[in-house]
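For clarity, every value in this text was computed on a predicted model and none was experimentally measured.
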Amino acid sequence: MKKFLIALLCAPVLAFASGASIHLDSWPGSVRDKAALQHGAKLFVNYCLNCHAASFMRYKTLMELGLTEQQVKDNLMFTSDKIGSLMQIAARHDDQKLWFGATPPDLTIIARARGEAGAPGAGADWLYTYLRSFYRDDNRPTGWNNTAFDNVGMPNPLWQLQGQQILNKDSHKLELAVAGEMPQAEFDKAVSDLVSFMVWMGEPQQEFRRMLGWFVLGFLVLLFAVSYALKKEYWKDIH
């Protein structure tokens with residue numbers, strides 16, 4: 001029992017130490033950029049929604065990005081014909097587990113889940129680093145590996161855009177061996193837009209929540225000032 005309690009107390013420290021060994025690049029995006037969010041949504045439905053669902057998000061919610069219903073239907077709806085449908089996929093979980101060795105996780109709140117135990121923005125930083133860190137590895141079943149997620153079971157979904165990277169065994173750094181459709185800077189911007197969409201998808205009302213928070217704080221400050229003034233007025237004649 002004593003050993004179990006010690007292990008339980010040390011677990012957060014060990015988890016933090018293991019996570020700290022991975023260098024995370026800072027995500028340069030923002031959920032305030034509607035154009036970036038629209039581009040990220042396009043990348044998501046084209047490259048992620050084939051295997052990963054976003055089953056807590058409805059297609060009609062994408063209209064909050066400044067898109068019309070017809071634009072969503074024409075450009076972003078490939079798995080349903082109803083604007084109110086959830087962003088599901090056709091593949092069954094049992095089949096996916098057989099194909100990949102594990103069921104691909106739902107991505108609706110992946111940015112929040114990855115950043116839950118870290119600093120604010122850690123989930124976005126992890127996703128931004130992870131999606132740019134795939135490299136060719138013939139020892140893996142899919143032919144791909146990832147420096148941010150060792151022995152990952154997922155192939156690189158963006159390899160056509162990024163190209164093919166290899167891991168230099170001497171420097172332990174990634175090097176571009178085969179160029180992709182996008183230059184490096186353009187690819188990094190595309191990944192940033194994709195991460196922006198996933199961060200937004202985890203809480204579409206986050207900007208409204210933050211704005212409302214400032215209004216509430218302002219109201220409380222004003223209420224304190226009025227209350228203090230009333231207190232002084234009521235008690236000025238009492239000694």
I'd like to know whether D25 forms a side-chain contact (heavy atoms from CB on, under 4.5 Å) with H23, so could you lay out the CA-CA distance, the side-chain angles of the two residues, the decisive distance to 0.1 Å, and finally the verdict. CA-CA 7 Å; D25 297 326; H23 170 74; 3.1 Å; yes
Find out whether L131 and M198 are in side-chain contact, i.e. whether some heavy atom of one side chain is under 4.5 Å from a heavy atom of the other. yes
Does any non-hydrogen side-chain atom of L37 lie less than 4.5 Å from one of D193? no
Show me, pair by pair, the donor-acceptor contacts under 3.5 angstrom made by side chains of residues 149-161, not counting sequence neighbours?
unit_1: N156; atom_1: OD1; unit_2: L158; atom_2: N; d: 3.1
unit_1: N156; atom_1: ND2; unit_2: Q162; atom_2: OE1; d: 3.3

Given the rule that I, L, V, M, F, W and Y join up when any side-chain heavy atoms are under 4.5 Å apart, are V226 and W235 in one cluster? yes
Quiz: residues 210-220 side-chain donor-acceptor pairs under 3.5 angstrom, not counting sequence neighbours:
unit_1: R210; atom_1: NH1; unit_2: E207; atom_2: OE2; d: 2.7
unit_1: R210; atom_1: NH2; unit_2: Q206; atom_2: OE1; d: 3.4

Just so I know, are the side chains of S26 and Y128 near enough to count as touching, which here means a heavy-atom distance under 4.5 Å? no
What closest approach, in Å, do E64 and P204 show between heavy atoms, and which atom pair accounts for it? OE1-CB, 4.0 Å
Would you indicate whether F56, at its atom CZ, is surrounded by more than 12 heavy atoms from other residues, nucleotides or ligands within a distance under 6.0 Å? no
Would you mind writing out the side-chain donor-acceptor pairs for residues 42-53 within the sub-3.5 Å range, not counting sequence neighbours?
unit_1: N46; atom_1: ND2; unit_2: K42; atom_2: O; d: 2.7
unit_1: N50; atom_1: ND2; unit_2: N46; atom_2: O; d: 3.1
unit_1: H52; atom_1: ND1; unit_2: P105; atom_2: O; d: 2.8

Heavy-atom pair of closest approach, residues V195 and A124: CG1-O, 3.7 Å
M57 side chain reached by L86 side chain, heavy atoms, under 4.5 Å: no
Sorted by first residue and then second, give each side chain to side chain donor-acceptor pair (under 3.5 Å) pair with at least one member in residues 215-234; sequence neighbours left out. E233-K236
Kindly give the cluster partners of Y135, where membership spreads through any ILVMFWY side chain lying under 4.5 Å from a current member. L167, L174
So does I109 have more than 12 non-hydrogen atoms from other groups sitting under 6.0 Å from CD1? no
Is a donor on one side and an acceptor on the other found under 3.5 Å between the side chain of W144 and the backbone of D137? no
For the pair F187 and R132, evaluate side-chain contact (heavy atoms from CB on, under 4.5 Å) and give the outcome as yes or no after the intermediate values. CA-CA 9 Å; F187 177 75; R132 295 160 52 249; 3.9 Å; yes
State yes or no: do L62 and F78 share one hydrophobic cluster built from I, L, V, M, F, W and Y residues joined by side-chain heavy-atom distances below 4.5 Å, directly or via other members? yes
Stepwise side-chain contact (heavy atoms from CB on, under 4.5 Å) check, K189 with H39: CA-CA 10 Å; K189 177 61 169 62; H39 185 219; 5.5 Å; no
Could you tell me which residues satisfy side-chain contact (heavy atoms from CB on, under 4.5 Å) with A41, sequence neighbours excluded, listed by chain and number? L65, L76, F197
Interatomic spacing from NZ in K73 to NZ in K60 - rounded to 0.5 Å: 12.5 Å
Using a 3.5 Å distance criterion without hydrogens, assess whether the side chain of R58 forms a donor-acceptor pair with backbone atoms of S85. no
Between W200 and F208, is there a shared hydrophobic cluster once you connect ILVMFWY residues whose side-chain heavy atoms come closer than 4.5 Å? no
What one should report as the nearest heavy-atom pair of A148 and T129 is CB-CG2, 4.4 Å
Taking atom CZ of R92 as the centre, does the number of heavy atoms from other residues, nucleotides or ligands within less than 6.0 Å exceed 12? no
Which heavy-atom pair separates S196 from V31 by the least distance, and what is that distance? O-CG1, 3.9 Å
Measure across N168 and D170 and return the closest heavy-atom pair with its distance rounded to 0.1 Å. OD1-N, 2.8 Å
Residue pair L67 / Q38, side-chain heavy-atom distance below 4.5 Å: yes
May I have the step-by-step check of salt bridge (charged side-chain N to carboxylate O under 4.0 Å, His left out) for E203 and R209, ending in yes or no? CA-CA 10 Å; E203 188 184 352; R209 172 178 57 80; 2.5 Å; yes
Under the 3.5 angstrom rule, does the side chain of R136 hit a backbone N or O of Q165 as a donor-acceptor pair? no
The reported gap from CE in M201 to CE in M87 (rounded to nearest 0.5 angstrom) is 6.5 Å
Find out whether I89 and Q96 are in side-chain contact, i.e. whether some heavy atom of one side chain is under 4.5 Å from a heavy atom of the other. yes
Main-chain N/O of N146 paired to S133 side chain as donor or acceptor, under 3.5 Å: no
Side chains of N75 and Q71: is there a donor and an acceptor less than 3.5 Å apart? no
